[in-house]
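Below is one structure, written out as structure tokens, with a few remarks after it.
Along the sequence shown, the residues carry numbers beginning at 1.
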Amino acid sequence: MKSHLLTSVFMRMRPRLLSTARGILSGSDAEALDVLQDAFCRLWSRRDELSDESHAVGASVTAVRNASIDALRRRRTFTDVDVLEAMPADDRADTSSDLLHEVENIIDRHLSERDRRILYLRDRYGYDIEAIGAELNLSEANVRMILSRARRTVRECYRQRINR
């Protein structure tokens, strides 16, 4: 019964959910379709938790939004590609390596062991939020919050270093 509820709600809302994903991802159709599939798979594993149709609607919208944000984050890199491309190849390698080393130093000095582990699992090794939560016995919301705070700390420390 719960699987029928999720399937019917998700399929009925599919055009709206696809539009939401496209909006967040700046119009990429292929990536938006991947996000919908990812969101549905995430929901499927939690289908027994859905109590009624309104809960399924809310969970669907939230899952698509979160999966879209995750897809955007996977696009990001730690370096400013435009600046690096303008440099000669030898300088580019040195600058990229120096930047990575500096960011790793900030991570090692300013993040707790747990925060550092979560950040590396997500950004270096590409673990899903759900997998990180399962491995560390944390909720997905908690993992997202820790990631957000860890990234903000690294960003702020890096900016302070540059402005010296």
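Annotation: side chain of Leu138 is not in contact with side chain of Ile132 (no heavy-atom distance under 4.5 Å). Residues Ser45 and Glu130 meet the side-chain proximity criterion, which asks for heavy atoms closer than 4.5 Å. Contact annotation: the side chain of Leu147 approaches that of Leu119 to within less than 4.5 Å [non-hydrogen atoms, C-beta and beyond]. Looking at heavy atoms from C-beta onward, Leu72 lies in side-chain contact with Leu25 at the 4.5 angstrom threshold.
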- Message: Walk me through whether Thr7 and Phe40 qualify under side chain to side chain contact (heavy atoms under 4.5 Å, CB included).
- Response: CA-CA 9 Å; Thr7 305; Phe40 186 79; 4.1 Å; yes

- Should Val61 and Arg16 be marked as a side chain to side chain contact (heavy atoms under 4.5 Å, CB included) after you check the CA-CA gap, both sets of side-chain angles, and the distance that decides it? CA-CA 9 Å; Val61 171; Arg16 176 180 160 206; 3.7 Å; yes

- Passes salt bridge (charged side-chain N to carboxylate O under 4.0 Å, His left out), Arg144 versus Asp70? Steps please. CA-CA 10 Å; Arg144 287 180 198 284; Asp70 287 346; 3.0 Å; yes

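In terms of heavy atoms, Leu6 sits closest to Ser60 at CD1-OG, 4.4 Å. Taking every heavy atom of both residues into account, Ser68 and Ile24 meet most closely at CB-CG2, 3.6 Å. Nearest approach of Leu18 to Ala32, heavy atoms of both residues: CD1-CB, 3.7 Å. In this structure, Tyr127 and Arg122 approach most closely via the heavy-atom pair O-NH1, 2.8 Å. Between Arg42 and Asn66, the closest heavy-atom pair is NH1-C, 4.0 Å. Nearest approach of Ala67 to Val35, heavy atoms of both residues: CB-CG1, 3.7 Å.
Cluster annotation: Ile69 and Leu33 are assigned to distinct hydrophobic clusters (Ile/Leu/Val/Met/Phe/Trp/Tyr, side-chain heavy-atom contacts under 4.5 Å, transitive). Linking Ile, Leu, Val, Met, Phe, Trp and Tyr whenever their side-chain heavy atoms come within less than 4.5 Å puts Leu136 and Val143 in one cluster.
Surrounding CD of Gln37 are at most 12 heavy atoms belonging to other residues, nucleotides or ligands under 6.0 Å away. Surrounding OH of Tyr120 are more than 12 heavy atoms belonging to other residues, nucleotides or ligands, all under 6.0 Å away.
Here Asp29 contributes atom CG and Arg22 contributes atom CZ; the two are 4.0 Å apart, rounded to the nearest 0.5 Å. For the atom pair Ile146 CD1 and Ser139 OG, the distance stands at 8.0 Å (nearest 0.5 Å). We find the CZ-CZ distance between Arg117 and Arg114 to be 11.5 Å, quoted to the nearest 0.5 Å. Note that the CG atom of Leu50 and the CG atom of Leu5 stand 6.0 Å from one another [nearest 0.5 Å]. Separation of atoms OG1 (Thr62) and CD (Glu140) is listed at 11.5 Å; rounding is to 0.5 Å. The distance from atom CG of Leu111 to atom SG of Cys157, rounded to the nearest 0.5 Å, is 8.0 Å.
Looking at Arg116, its side chain does come within 3.5 Å of a backbone N or O of Asp108 through a donor-acceptor pair. Within the 3.5 Å criterion, the main-chain N or O of Ile106 finds no donor-acceptor partner in the side chain of His110. Of the possible polar contacts, none joining the Asp128 side chain to the Ala131 backbone as a donor-acceptor pair under 3.5 Å is found. Side chain of Ser8 to backbone of His4: a donor-acceptor contact under 3.5 angstrom is found. Between the Arg14 side chain and the Met11 main chain, no donor and acceptor come within less than 3.5 Å of each other.
Using a cutoff of 4.0 Å between basic side-chain nitrogens and carboxylate oxygens, Arg149 and Asp115 are not scored as salt-bridged. Classification of Arg12 and Glu53 as a salt-bridged pair holds, one side-chain N sitting under 4.0 Å from a carboxylate O. Salt bridge annotation for Glu49-Arg46: present, with a cationic side-chain nitrogen under 4.0 angstrom from a carboxylate oxygen. Electrostatic pairing of Arg151 and Asp123 counts as a salt bridge here, judged by a charged N lying under 4.0 Å from a carboxylate O. Ion pairing between a basic and an acidic side chain is recognised when a charged N comes within 4.0 Å of a carboxylate O; Arg124 and Glu104 show such pairing.
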